Structures are given as C-alpha cells and as structure tokens.
Amino acid sequence: MSDTIEPVIGLLGGSGLYDIDGLEDREWREVQTPWGKPSDALLFGRLHGVRCVFLPRHGRGHPLTPSDLNYRANIDALKRSGVTDILSLSAVGSLNGDLPPGTFVIVDQFIDRTFARQKTFFESGCVAHVSVAHPVCPRIGDTVEQAARDIGLRYKRGGTYLTMEGPQFSTKAESELYRAWGCDVIGMTNMPEAKLAREAEICYATVAMVTDFDCWHPDHDAVTVDAVVKVMLANADRAKALVKTVVPMLGQRRGPCPAGCDRALEYALVTAPEKRDPALLAKLDAVAGRVLNRAA
Ligand SMILES: CSC[C@H]1O[C@H](OP(=O)(O)O)[C@H](O)[C@@H]1O
Ligand SMILES: Nc1ncnc2[nH]cnc12
C-alpha cells in the first residue's frame with residue numbers, strides 16, 4: 001500500500017459558483033504563496049469523509065476579471081494545501097449546435113488564445129518544458145463521466161475548449177473562426193490554469209457547463225452576462241449534485257496517475273543545477289519540491 005495515496009480534491013468554482021454546500025468541518029483559510037495572492041481564501045472541508053479544498057476562481061462576489069486572476073497563486077495555493085486532483089467547474093459558451101445550454105462537457109482538449117497572463121512557474125533561472133499534449137487527466141474524466149451517468153446529467157465526453165482573453169465576448173467572425181477550427185466550447189479561464197496544474201503535477205479536468213450559444217447561432221441572441229448567470233444558476237443545482245457524487249469517487253485511495261500527470265516534471269527540467277537561480281528555486285518549493293529536493 002506504500003505507493004497508494006489518499007487524494008485531496010481541489011474544486012475551482014467558476015462564474016456563479018462561489019461556495020460548496022454540504023462540506024463538513026468547513027473553514028475558510030488564507031493561504032500565502034510566493035507568487036502573490038490567490039483569488040480568495042480557500043475553503044477546506046470534507047465531503048463524505050474525502051478532504052477537499054474549494055477556491056472560487058474569481059473570488060467571492062466575482063471581483064476579478066479572467067485576465068487579472070493570479071493563476072500561478074491559485075494553483076500553488078492548492079498544491080501547498082495538499083491537493084492532488086483538481087476539478088474545474090466553468091461556465092462556457094457553445095460553439096457546437098449539438099451542445100445546447102444545460103449540457104455538461106467533459107473537456108479533453110484546449111486551444112489557448114490568451115496573451116496577457118503569466119503562463120509558467122518555470123521562468124529564466126529554472127527552465128522546464130512539460131508536455132500538455134493531453135492536458136486533461138483521463139482518470140478524472142472517467143470518474144466524472146461515471147458520476148454524470150449515475151445522476152442522469154446531459155453530458156458529452158470529450159470536446160475542445162477555446163480560451164479567449166476577454167473580458168469582452170467574441171465577435172461573430174471570431175466565433176465562426178473557432179467553429180471552423182472544430183472547437184466545441186469557449187471560455188476565458190481554463191488556460192493557463194490547466195497548463196500550470198500540469199507543471200505543478202496535479203491531475204486536472206474541467207466540467208464545462210454550457211450557458212449560451214455565444215454569438216454565432218442564427219436562432220439565438222448574442223451572449224450577455226445576464227443570460228449566462230441565469231442559465232448558470234439553473235445549472236448550479238446539477239453542478240452541486242455532480243460534486244457531491246464525484247468527490248467521494250475521486251477520493252478513493254489510489255496509486256499513481258496512469259497518465260503520469262503526477263510525474264510531469266520527471267524529465268522536464270533543462271537548466272543545469274549550477275545555473276539555477278536560488279531565489280526562483282525557493283519559490284518552486286511546493287510546485288516542484290518533489291523533483292528539486294531529490295538527492296543528486
Ligand atoms: C460571467 S460570463 C464570462 C465568464 O464566465 C466564465 O468563467 P468561469 O470559467 O470562471 O466559469 C468565462 O470563462 C468568463 O470568465
Ligand atoms: N460565450 C462565452 N464566451 C466566453 N466565455 C463565456 N462564458 C460563458 N459563456 C461564454
């Protein structure tokens with residue numbers, strides 16, 4: 001049993017999800033990180049005995065824009081809180097006529113069109129290149145799919161999430177371009193979040209909850225926040241039911257990630273030890289401690 005662990009489940013709540021019901025032993029705690037402040041305090045607790053840590057991605061009351069989120073601080077705070085698996089819950093627009101509002105998409109690919117965010121922990125002074133060819137943990141995806149089926153959700157397994165910078169919604173030409181690229185849903189937050197989770201060796205998956213048809217659909221009005229929030233509130237009960245079902249399943253004692261998410265840094269560091277910047281190494285204590293603290 002020595003190579004098995006008891007997972008700790010991180011929940012990143014998106015638009016409309018600023019708390020988690022039914023957590024036992026709940027406590028909001030401030031977590032300091034070397035990358036600055038996370039979006040808010042983190043909510044620690046247990047669901048059916050499974051340890052979980054919730055972070056409202058935009059902060060309670062939604063004060064933060066997608067571009068102003070400190071993605072590095074959010075992921076670092078979850079990592080140093082012991083989180084092994086992150087389930088991201090996000091509102092998205094649909095770029096696919098078969099995915100109407102109310103559908104939950106278990107995303108498996110991303111296109112990153114963001115340009116105004118810090119995207120890596122590994123700056124000059126400790127360079128690393130991790131693979132994000134398969135950016136989502138299939139074990140979490142399998143578990144979420146099973147839970148979604150068990151509770152009768154309308155869901156789709158697999159789909160490509162395009163991350164735009166925002167905060168404005170897309171132009172019609174952009175929306176049509178992303179459809180032509182084969183993207184299924186669009187949002188503003190899951191990149192660089194998923195990339196940073198991979199750098200931090202945390203398994204990560206997203207449930208993208210469709211709130212609107214963006215602006216491409218001839219039979220629907222262009223998206224507004226009002227419409228997004230209305231549908232999100234209608235989705236929220238199903239999101240909460242999904243969380244209550246999936247967390248106990250994800251929290252079962254288990255071995256290493258079959259896809260290797262928890263070993264992503266194994267061969268990723270390229271800066272020679274004598275060229276590494278000690279100040280940066282100190283900041284990487286939580287994210288890369290597993291590989292940096294190993295005896296040479
Ligand atoms: C309020 S609509 C736009 C907003 O909603 C999504 O956020 P999240 O992924 O955190 O649910 C989208 O990415 C935008 O940030
Ligand atoms: N249409 C849309 N575009 C970007 N982000 C969204 N979040 C919810 N709907 C969205």
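Every number for a ligand or one of its atoms is a count from 1 in the order of the listing. The structure presented is a predicted model; accordingly, all values stated were derived computationally and were not measured.
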Looking at [X], which atoms of ligand 1 are within less than 4.0 Å of one of its heavy atoms?
X    : answer
V228 : 2 (S)
G14  : 8 (P), 10 (O), 11 (O)
M188 : 12 (C), 13 (O), 14 (C), 15 (O)
G187 : 13 (O)

Students should be able to answer this: which protein heavy-atom is nearest to [atom], and at what distance?
atom                    : value
atom 15 (O) of ligand 1 : P66 CG, 3.3 Å
atom 9 (O) of ligand 1  : T189 OG1, 2.6 Å
atom 10 (O) of ligand 1 : H58 NE2, 2.6 Å
atom 4 (C) of ligand 1  : S15 OG, 3.4 Å
atom 3 (C) of ligand 1  : F169 CE2, 4.1 Å

Inset, instruction - Just grab all the salt bridge (Lys or Arg N to Asp or Glu O under 4.0 Å) pairs involving residues 199-220, residues at least two apart or on different chains. - result: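 As it turns out, the salt bridge (Lys or Arg N to Asp or Glu O under 4.0 Å) pairs with a partner in residues 199-220, which skip direct neighbours, are E201-R290.
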Legend entry - Residue pairs involving residues 178-195 (criterion salt bridge (Lys or Arg N to Asp or Glu O under 4.0 Å); sequence neighbours excluded):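 Listed once each, the pairs are R57-E193, D112-K195.
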Indicate every side-chain donor-acceptor pair of residues 139-146 with a distance under 3.5 Å to a residue at least two apart or in another chain.
| unit_1 | atom_1 | unit_2 | atom_2 | d |
| --- | --- | --- | --- | --- |
| R139 | NH1 | G255 | O | 3.3 |
| R139 | NH1 | P256 | O | 3.4 |
| R139 | NH2 | G255 | O | 3.4 |
| D142 | OD1 | R157 | NH1 | 3.0 |
| D142 | OD1 | R157 | NH2 | 3.1 |
| T143 | OG1 | R139 | O | 2.7 |
| E145 | OE1 | R157 | NH1 | 2.8 |
| E145 | OE2 | Y155 | OH | 3.1 |

Legend entry - Min N/O separation S90 to ligand 1 under 3.5 Å: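 Yes, S90 has an N/O under 3.5 Å of an N/O on ligand 1.
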Taking NZ, NE, NH1 and NH2 as the nitrogens, is one of them in [X] or [Y] under 4.0 Å from a carboxylate oxygen of the other?
X    : Y    : result
R26  : D19  : yes
E6   : R253 : yes
K244 : D21  : no
K156 : D108 : no

Legend entry - Six-ring centre of F44, R29 cation under 6.0 angstrom, axis tolerance 45°: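 Judged by the rule (NZ or CZ under 6.0 Å from the ring centre, within 45° of its axis), R29 counts as positioned above F44.
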Legend entry - Transitive ILVMFWY side-chain link L89 to I186, under 4.5 Å: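 No: no chain of side-chain contacts under 4.5 Å links L89 to I186.
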Legend entry - Shared hydrophobic cluster, M188 / L177 (ILVMFWY, side-chain heavy atoms < 4.5 Å):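 Looking at the clustering, L177 is in the same group as M188.
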Legend entry - R117 CZ: over 12 foreign heavy atoms closer than 6.0 Å: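 Above 12, so yes.
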What does the contact table look like for ligand 2 (nitrogen or oxygen on each side, cut-off under 3.5 Å)?
| unit_1 | atom_1 | unit_2 | atom_2 | d |
| --- | --- | --- | --- | --- |
| ligand 2 | 1 (N) | D212 | OD1 | 2.9 |
| ligand 2 | 1 (N) | D214 | OD1 | 2.8 |
| ligand 2 | 7 (N) | A91 | O | 3.4 |
| ligand 2 | 9 (N) | G93 | N | 3.2 |
| ligand 2 | 9 (N) | D212 | OD2 | 2.7 |

